[in-house]
Amino acid sequence: MLLIVLELIGLAVFAASGALAAVRARLDVFGVVVLGLTTALGGGIIRDVLLGIHPPTSLRDWTYLVVPVAAALGVFGFHPQVARLRRAVLLADAVGLGLFTVSGTATALATGVPAYTACLIGMTAGIGGGAMRDLLLREIPLVLRREIYALASLAGAVVVVVGAKVGWPAAPVAVVSAAIVVAIRVLALWKQWNAPVARGLDR
Amino acid sequence: MLLIVLELIGLAVFAASGALAAVRARLDVFGVVVLGLTTALGGGIIRDVLLGIHPPTSLRDWTYLVVPVAAALGVFGFHPQVARLRRAVLLADAVGLGLFTVSGTATALATGVPAYTACLIGMTAGIGGGAMRDLLLREIPLVLRREIYALASLAGAVVVVVGAKVGWPAAPVAVVSAAIVVAIRVLALWKQWNAPVARGLDR
Amino acid sequence: MLLIVLELIGLAVFAASGALAAVRARLDVFGVVVLGLTTALGGGIIRDVLLGIHPPTSLRDWTYLVVPVAAALGVFGFHPQVARLRRAVLLADAVGLGLFTVSGTATALATGVPAYTACLIGMTAGIGGGAMRDLLLREIPLVLRREIYALASLAGAVVVVVGAKVGWPAAPVAVVSAAIVVAIRVLALWKQWNAPVARGLDR
């Protein structure tokens, strides 16, 4: 139940991040909706394909269509007037990353795959939608450019898996793990943590 | 039977659209063939992966290889000498969109998924190949830039599903649905229907 | 057994090609690792998804994570100081193409698909990782730009399939097929074999 609520919030914020990025790229209202939808559903569809869930959950239940479309249209109508669009994309992306990492890891565990596999699939579910958004807009995906992106997702996935092993109650674990991912991402963005670039580059 | 004919025509025109786009991008003959093949097979492979059809139909039957390769080579040899290449890409894309939306929706219905899911998978089958073509050439996909692209596909998918529910004969329904998609797309291109862009953009 | 060794070498060299490309694109250490990992695992994951192997092999066994990460970190720390990066990417890519074409074709044959399908899936496994690397860095994939890229992979896949039909011992066939792919690719690069571009281009 809580998992469904978290996933719906994740759908809305990822759709918002895709829609904001589409508005920035000056796409029209249809492009904004399609990109919002792709960002929102991309990670979950990749997760279901990897787990062998056919057809993917998000193509069976209309709430997975209505929530992202509504979020994208809301962004299109009421998007912040000025220069904060880029920051808004990054914040929505961080929240979506946290929520989908958690729901993806939990979904994978529920199908009986080992803890190790569940972490990797949870990370893929968290990272996938945003990577598709960036690819479709011809940007190098955040996960490649931003320090502490995949690591933030990994941290959340590990907490979910450890919680399940130890037997902690699932609901608070899910909320805490998602919060950890978001906190790490926001801290990394705020503090502008930088990772090293290779030495002696030839260009 | 008719479904197979429609799918073969779809393979040829989508391969032609990919090959024309590759010629425009000045790729050599191998690049033209590979891009034609990817455009032709992309949507159907995504459809089969989402439906759990392993291995995908198009990897089992050699006609799915021969038709697109022949179409791509034909384009490479006889492509229109002058500036009409871009228009030719868009027209071939519209016909492919219509045919693959219809065959994708019908294939999905045949596996027993609900009507709602069949529409979404049909749209994915129709849109997928062209999106892969544009991504590989580093262009923002048509489905994001063009008004009335996803909606045209949706209209065709809905007609197929309604026809199946009501019990209309499949063959004429398939032809009519594909024609509807093509007509909407061509009209949208011809009339240059434009959808609104968000107000007050900061850049 | 030999198949596993070949696949591990393939993981390392494909990860190295991805990491070198990431270093060239001035990504930080996290980006280098993520891109190395994506290049190394991409082809095999696509192969398993097409064959219906859930979850993909590379997400179940930690060696598939450790080897590429170690290779990527090694490249990051000790990458050649000077202008040979681009050549190193192409060479590592050629070796990876050969090894993954062979292991992909053999894996597909082992699941019982027909020879024709096994060739196509082997090619996809060989080409997939490099294509994902190029896409993520916003470059037109090698398979579209380079003459004799898909053909080299096809040659290797055909030798594996013929070897299996005729009943030759699998180990030498695997080594020879991979060597054929690498030899064709290196020769094509060295001799700068060029395929024709379409005549009379309008731009």
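The basis for the numbers below is simple: all heavy atoms, side chains too, and nothing from hydrogens, waters or symmetry mates.
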Does any part of the side chain of [Y], heavy atoms only, come nearer than 4.5 Å to the side chain of [X], both counted from C-beta?
| X | Y | answer |
| --- | --- | --- |
| C:F30 | A:Y149 | no |
| C:H54 | A:L51 | no |
| C:R138 | A:I140 | yes |

Using heavy-atom distances under 4.5 Å, tell me whether [X] contacts chain C through its side chain, its backbone, both, or neither.
| X | result |
| --- | --- |
| A:L50 | both |
| A:L151 | side chain |
| A:I121 | side chain |

(request) Quick one: pull up CG in A:D134 and CG in C:L136 and give me the separation to the nearest 0.5 Å. (result)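 Answer rounded to 0.5 Å: 10.0 Å.
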(request) Write down the atom of A:Y116, the atom of C:W62, and the distance for their closest heavy-atom approach. (result)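 For A:Y116 and C:W62, the tightest heavy-atom pair comes out as OH-CA, 3.3 Å.
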(message) Report which part of C:D48 has an atom under 4.5 Å of a heavy atom belonging to chain A: side chain, backbone, both, or neither.
(response)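 Neither part; nothing is under 4.5 Å.
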(message) Please rank C:L65, C:V32, C:I45 by heavy-atom pairs under 4.5 Å with chain A and give me the top one.
(response) C:L65
(request) Name the option with the most non-hydrogen atom pairs under 4.5 Å to chain C; the candidates are A:V49, A:V113, A:T111. (result) A:V49
